[in-house]
Protein chains: 2
Amino acid sequence: MLCCVAMSRVASKTSKGKKKAEAGPKQVSLRTLAEHLGLSRASVSFVLNDSPMAQTLSAATRQRILKAAEELNYRPNYFARCLNKKRSYLVGVLVPELGEGYVAGILAGIERELLQDKYVYFVSSHQWVPKLIEETPRLLVERGADGVILVNTPLSHAMPFPTVNVGGHKKLTSVANIHLDNRAGAALALEHLAQQGHRRIAFFRGHAESADTEDRWAGICETAARLRISIDPELVVQLDKSLMPPGPSGPEEGYLFGQKLLARRKKFSALFAFNDMSAIGAMSAFRDAGFRLPEDISVVGFDDVHGAAFAYPPLTTVRQPLEEMGELAAQTLLHRIEKGARRADQILLKPKLVVRKSVALAEN
Amino acid sequence: MLCCVAMSRVASKTSKGKKKAEAGPKQVSLRTLAEHLGLSRASVSFVLNDSPMAQTLSAATRQRILKAAEELNYRPNYFARCLNKKRSYLVGVLVPELGEGYVAGILAGIERELLQDKYVYFVSSHQWVPKLIEETPRLLVERGADGVILVNTPLSHAMPFPTVNVGGHKKLTSVANIHLDNRAGAALALEHLAQQGHRRIAFFRGHAESADTEDRWAGICETAARLRISIDPELVVQLDKSLMPPGPSGPEEGYLFGQKLLARRKKFSALFAFNDMSAIGAMSAFRDAGFRLPEDISVVGFDDVHGAAFAYPPLTTVRQPLEEMGELAAQTLLHRIEKGARRADQILLKPKLVVRKSVALAEN
DNA sequence: TTAGGCATCTAAACCGGTTTAGATACAAAT
DNA sequence: ATTTGTATCTAAACCGGTTTAGATGCCTAA
């Protein structure tokens, strides 16, 4: 009897509905399935989850359950499961803005790692709006994330849930941090320029909001001092989002601040940009102003985003192992979620200089 | 009494735990909160959700509830709520690969629209692996998504949940489709090249997997016929991911196939690439081979990705309104989720030619 | 005095799973 | 015949909310 009832339900799936607002084929629930089989929900649950308890059931019953689940196309309800397990296998990722090469690189790494472990992630971007930076991490967790990865996002206080910061602020030791040795990166770039004979070097100083700005600038100052290169304040341009139209920041910013730099009418033979995007934009501005690249102005970027090699001239830059950073961030987060590790992982990665064709010997 | 019990629970939050594996400050549940207030869970639920039933409670009680929820920092459990509501306010997005400019543009639009409506989305990428293309949409829904947006992803059969396809396959009329008029786009590009005097034009033909390939190619053929331009099969290069290392496809692909094109040693004065990325890569290959751009070879791209303007030479291209497409996709999906609309929205957008500097007059 | 009406609040079912602590039936051992 | 053991399977509590259908007490009108 039960069998018949259940079958008719299933049959209704394929029968053309006569009611207007037919809510689609009613999902088979564990209850439906159990009734159909004439078993208890518990037994069915055991088998479908391969729980140890499943071994206490007869082999025949196990087969029967598996077969029926398949036939009725049973799909467990995700929310119900999460409600007991208190685990969602969902990770939240907060990024400044999508579409930036930097972010894309890290996301690719995160994704690769997470998918391997049957996790899924969701992304949100804060567009550097303070309110969003403050609130989104919690929102992500309230939306069910088991933990959060913050990409290059400043964090004002410890979070009461597993959190990993990648490429950002290292002030908080309570959260894991995966970041690049920015000072070393700055040194690499400056040393290269110096080696090519450049002494009058212009700089893009990073945005005030960015966590990398301070370290990278400190690295520049240290190295400049060591190499006896003086930094001319007139050749230092402060990047500033508030002067840009809202939206994802791309080369436009470099173009604008490149023009600003030229407008100061101070001679320089090289620019060390804050990142690749601004470098590419600046090169465009220089070219439009009639300079030859790299003969008249050499440029060094930072990040080595996907595409830096195809800029013109191909961009010499400091490489951040972006994908690797993403992978490490994901690994660390999963570890914290699953093992509840409280140790503060502080992973510092080394940059590498990638020499292409945007730096020429300085004329003297 | 009840009050005291509840308070001590809360107090334990700040007290330093003595047990090793203290599971952190026990979340306040609706039950805790209700007990603390000496009210029923129902009453509390009404007020906190601003349900009509809340009006049946006295103003004083309402205040008391609100205040207590605030003080105890009550956060409703997302899964429990979803379990009854059968709605998650979560949308799944499936893209071919992250980090592509095309995808980034669409994602930006989707995000803007969704966040406005208090939705959150999660992303997954299929890397053109057939198994993933097939299974991921369902996986996303099983993971709790109310609906799915497919970006430029072929779809073999109708899905039993709200689905919108953007930039993709238009074969399935049961799902909503937001796509570009590819034929018109191809026409725009070819007409422009013809107008500049180009007759010997090379083409990158899109990947077999891509939904845009066929239409765009059809548009090329039509327009070429109309303009009496003959298409030399030797100047048509078929893009093919299987010849590339795995990973996100960027300009590398254009570089490789650009070299392939040159290797055929057939004269041509212009290339109409399949998209901007391949155009940028090809320009790099041409330059490395000693050609001047755009004097020796003109290039037209497709998409107008963020950054096309900063390529060298700045890329003339056919603009897809990517962000707008993303927004429309999100709007359409939400409409389907909330209104359950069954009408098949088929939205066709018009491309626009963006003339920059990668096309020169053909020498004759 | 008593029924009706209103304001306020609650009991309990429900969503769809997981899991603990038995229940039941039958065979072997005493 | 009764106990013990074992192999199968289940009842019911639970996760943390939402929602329906009353319960309760008090005031007013007949």
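Naming: A, B, ... by sequence-line order, numbering from 1 per chain.
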Between [N] and [X], is there an OP1 or OP2 to side-chain N/O distance shorter than 4.0 Å?
{"X": "B/T56", "N": "C/dC9", "answer": "no"}
{"X": "B/S45", "N": "D/dG17", "answer": "no"}
{"X": "B/S43", "N": "C/dT10", "answer": "yes"}
{"X": "A/Y74", "N": "C/dG16", "answer": "no"}
{"X": "B/R81", "N": "D/dT18", "answer": "yes"}
{"X": "A/K86", "N": "D/dG16", "answer": "yes"}

Can you check the [X] [atom1] to [N] [atom2] distance for me, whole Å?
{"X": "A/L57", "N": "C/dT24", "atom1": "CG", "atom2": "P", "result": "18 Å"}
{"X": "A/R31", "N": "C/dT18", "atom1": "CZ", "atom2": "C1'", "result": "14 Å"}
{"X": "A/L48", "N": "C/dG17", "atom1": "CG", "atom2": "P", "result": "10 Å"}
{"X": "B/E35", "N": "D/dG16", "atom1": "CD", "atom2": "P", "result": "12 Å"}
{"X": "A/F46", "N": "C/dG22", "atom1": "CZ", "atom2": "P", "result": "14 Å"}

What is the nucleic acid contact for [X], judged by heavy atoms within less than 4.0 Å: base, sugar-phosphate only, or nothing?
{"X": "A/S51", "answer": "nothing"}
{"X": "B/Y78", "answer": "nothing"}
{"X": "A/S58", "answer": "sugar-phosphate"}
{"X": "A/F79", "answer": "nothing"}
{"X": "B/S29", "answer": "sugar-phosphate"}

Which one, [options], comes nearest to the side chain of [X]?
{"X": "A/M53", "options": "D/dC15, C/dC9, D/dT10", "answer": "D/dT10"}
{"X": "B/N49", "options": "C/dC9, D/dT18, D/dA12", "answer": "D/dT18"}
{"X": "A/N84", "options": "C/dT20, D/dG17, D/dC14", "answer": "D/dC14"}
{"X": "A/L39", "options": "C/dC14, D/dC14, D/dC9", "answer": "D/dC9"}
{"X": "A/P76", "options": "C/dT10, C/dG17, D/dG16", "answer": "C/dG17"}

Practice prompt. Between B/N77 and B/A42, name the one whose nearest nucleotide on DNA chain D is closer to the 5' end.
Written response: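 Closest to the 5' end, via its nearest nucleotide, is B/N77.
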Worksheet item: Does B/R87 make a cation-pi contact with B/Y89, if we ask for NZ or CZ under 6.0 Å from the ring centre and within 45° of the axis?
Response: yes
Worksheet item: Can you tell if the side chain of A/L140 reaches within under 4.5 Å of the side chain of A/S124, non-hydrogen atoms only?
Response: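 The answer is yes, as the side chains (C-beta and beyond) meet within the 4.5 Å cut-off.
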Discussion item. In terms of relative ring orientation, are A/F122 and B/F122 parallel, tilted or perpendicular, with 30° and 60° separating the classes?
Written reply: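 A/F122 vs B/F122 ring planes: tilted.
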Discussion item. So for A/R41 and C/dG17, does any side-chain atom that can act as donor or acceptor lie under 3.5 Å from a complementary atom in the base?
Written reply: yes
Discussion item. Quick one, A/V91 with A/I149, criterion side chain to side chain contact (heavy atoms under 4.5 Å, CB included). Give me CA distance, side-chain angles, the key distance, then yes/no.
Written reply: CA-CA 8 Å; A/V91 163; A/I149 297 178; 4.3 Å; yes
Worksheet item: Through what angle, rounded to 10 degrees, does the axis of the helix from C/dT1-D/dA30 to C/dA29-D/dT2 turn between its ends, using five pairs per end?
Response: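 Its terminal axes enclose an angle near 90°.
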Worksheet item: Can you find a side-chain donor-acceptor pair between A/D146 and A/S88 that sits under 3.5 Å?
Response: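 Distance-only check passes for A/D146 and A/S88.
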Fill in: Spacing of CG belonging to B/L30 relative to CZ belonging to B/R81, to within rounding of 0.5 Å
9.5 Å
Discussion item. By the definition side chain to side chain contact (heavy atoms under 4.5 Å, CB included), identify the one residue from B/I347, B/L333, B/N165 that meets it with B/I178.
Written reply: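 Single side chain to side chain contact (heavy atoms under 4.5 Å, CB included) partner of B/I178 among B/I347, B/L333, B/N165: B/I347.
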Worksheet item: For A/R75, does the CZ atom have more than 12 heavy-atom neighbours from other residues, nucleotides or ligands under 6.0 Å away?
Response: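 More than 12 within 6.0 Å, yes.
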